[in-house]
Amino acid sequence: MAVHIHNPNFLHTHQLRSSLTSASASPASYHFTRYSPAKHPGFICKSNNKDDYLIDAPVSAGDGFSFSGGKYSDQPSPSDEWLKQGKWVKAHRVGGSGEEAKDPIFGLTMGSSSQASKDVFRWFCVESGKVDSPPVILIHGFPSQAYSYRKALPVLSKNYRAIAFDWLGFGFSDKPQAGYGFNYTLDEYVSSLESFIDEVTTTQVSLVVQGYFSTAAVKYARNRPEKIKNLILLNPPLTPEHAKLPSTLSVFSNFLLGEIFSQDPLRASDKPLTSCGPYKMKEDDAMVYRRPYLTSGSSGFALNAISRAMKKELKGYTEEMRSSLMDKDWKIPTTVCWGQRDKWLSYQGVEEFCKSSGHNLVELPMAGHHVQEDCGEEIGGLISRIISKAALI
């Protein structure tokens with residue numbers, strides 16, 4: 001597979017050797033790389049088997065606005081193994097009056113998973129590597145989970161303390177009903193990210209963030225530049241054309257129809273992950289991604305809330321992010337990695353933005369919007385090299 005590099009001194013990939021430049025350098029120092037791994041992993045999508053599901057699972061398997069609990073089977077599942085690898089971290093104080101949450105359709109008291117914690121939210125995270133190694137925080141996109149970094153974690157753990165977490169409202173972290181302690185606005189995601197990072201480490205961190213949540217991470221980095229050692233953005237919304245949710249996601253913001261679709265794990269989980277690029281989901285992986293939607297209605301209602309907030313706030317946040325990254329006073333070493341098979345965000349304007357801002361750009365020809373899913377091990381190695389090269393500057 002051909003590797004096309006505008007500057008062969010930018011990156012070390014297989015036989016390519018180079019050095020990264022600081023993001024604070026002038027636009028003339030912009031570097032562009034088309035990254036093409038020697039071996040790209042193939043993904044196989046296994047057909048569903050009706051025996052994998054128990055439609056009449058006991059209600060005890062789940063709560064909230066789910067009709068059956070949706071338990072896959074009584075046997076151990078991949079999601080059980082993923083949960084065993086992780087832990088819950090308490091961070092960010094719960095807002096609101098403490099009133100019990102009620103569902104937005106029937107006004108009935110929600111199950112426990114839709115209720116806010118009493119004082120501080122619980123975040124699910126998976127950590128790999130030595131505690132005293134430099135921390136790398138891996139932030140998933142919308143909508144996804146920390147699980148998306150499962151293949152990058154072992155690679156990064158060789159030299160770093162890698163931490164992947166589920167945002168509030170996603171995966172296995174708390175998912176309070178909107179209006180009862182957390183409203184899922186981007187401002188709240190910025191402040192909650194600050195709380196989480198302060199809880200897990202007191203040192204500088206390297207931030208890796210994918211997709212639409214890049215807007216919140218960049219605002220956090222602008223507010224707390226002393227905490228950020230490196231910033232790596234995976235397919236972020238960089239142009240004005242990116243500041244609009246694709247129909248696959250915006251449908252969840254619709255009244256009633258959004259509530260219905262968000263309770264369907266195939267629409268809420270499978271379709272958003274597989275419709276934006278070449279990713280073919282294995283059934284074992286689907287079992288992890290679907291579990292939050294199958295065991296409780298809280299995941300769907302959180303998806304409704306964040307979709308509505310994104311639809312309302314994304315344009316302003318994207319403009320603010322562009323302004324921050326273009327600011328001559330931006331001193332954080334920043335690299336944009338772009339999966340060129342992204343079906344949601346066009347590549348048009350991305351290279352021009354990186355040139356004018358002086359930030360490094362790495363093209364990933366085989367990846368789509370969810371870069372870490374399409375080339376997990378490769379992106380782990382790429383992140384490691386970007387951070388190590390920046391440390392030499």
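Everything numeric in this text was worked out from a predicted model, so none of it was measured.
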Undergrad: Which residues pass the side chain to side chain donor-acceptor pair (under 3.5 Å) test with E100, not counting sequence neighbours?
TA: none

Undergrad: Without swapping roles, check the side chain of K227 against the backbone of T203 for a donor-acceptor pair under 3.5 Å.
TA: yes

Undergrad: Below 4.5 Å, heavy atoms only, C-beta onward: do V362 and W338 meet side chain to side chain?
TA: no

Undergrad: If the condition is side chain to side chain donor-acceptor pair (under 3.5 Å), which residues does S148 pass it with, not counting sequence neighbours?
TA: Q372

Undergrad: For the pair R291 and D80, find out whether any cationic side-chain nitrogen is under 4.0 Å from an anionic carboxylate oxygen.
TA: yes

Undergrad: What residues, two or more places apart in sequence or in another chain, satisfy side chain to side chain donor-acceptor pair (under 3.5 Å) together with Q204?
TA: none

Undergrad: Name all residues meeting the salt bridge (charged side-chain N to carboxylate O under 4.0 Å, His left out) criterion together with K87; count only those two or more places apart in sequence or in a different chain, and write none if there are none.
TA: E127

Undergrad: Among residues at least two apart in sequence or on other chains, which ones pass salt bridge (charged side-chain N to carboxylate O under 4.0 Å, His left out) with E194?
TA: R224

Undergrad: Taking only residues two or more places apart in sequence or in another chain, which ones pass ring pair (Phe, Tyr, Trp, His ring centres under 6.0 Å) with H369?
TA: Y212, W344

Undergrad: Check ring pair (Phe, Tyr, Trp, His ring centres under 6.0 Å) between Y184 and all other residues, then give those that pass, not counting sequence neighbours.
TA: F182

Undergrad: Which residues pass the side chain to side chain donor-acceptor pair (under 3.5 Å) test with T274, sequence neighbours left out?
TA: none

Undergrad: Sequence neighbours excluded, which residues qualify as ring pair (Phe, Tyr, Trp, His ring centres under 6.0 Å) partners of Y147?
TA: W82, Y289

Undergrad: Side chain to side chain contact (heavy atoms under 4.5 Å, CB included), that's the test. Do S356 and M326 meet it? Break it down for me.
TA: CA-CA 8 Å; S356 59; M326 293 286 288; 3.5 Å; yes

Undergrad: Looking at residues at least two apart in the chain, or sitting in another chain, which of them share a salt bridge (charged side-chain N to carboxylate O under 4.0 Å, His left out) with K219?
TA: D187, E320

Undergrad: Under 3.5 Å, side chain of Q263 to main-chain N/O of G297, donor-acceptor pair present?
TA: yes

Undergrad: Any side-chain heavy atom of T215 within less than 4.5 Å of one from P236?
TA: no

Undergrad: Taking R322 for its side chain and L238 for its backbone only, find out whether a donor-acceptor pair lies under 3.5 Å.
TA: yes

Undergrad: Is E283 paired with R290 through a side-chain N to carboxylate O contact shorter than 4.0 Å?
TA: yes

Undergrad: Output all residues satisfying ring pair (Phe, Tyr, Trp, His ring centres under 6.0 Å) with F196, sequence neighbours left out; order by chain, then residue number.
TA: W123, F165

Undergrad: Is the backbone N or O of W167 less than 3.5 Å from a side-chain atom of Y189, with the two atoms forming a donor-acceptor pair by type?
TA: no

Undergrad: Can you name the residues that form a salt bridge (charged side-chain N to carboxylate O under 4.0 Å, His left out) with R267, not counting sequence neighbours?
TA: none

Undergrad: Is the closest side-chain donor-acceptor distance between S173 and D166 under 3.5 Å?
TA: no

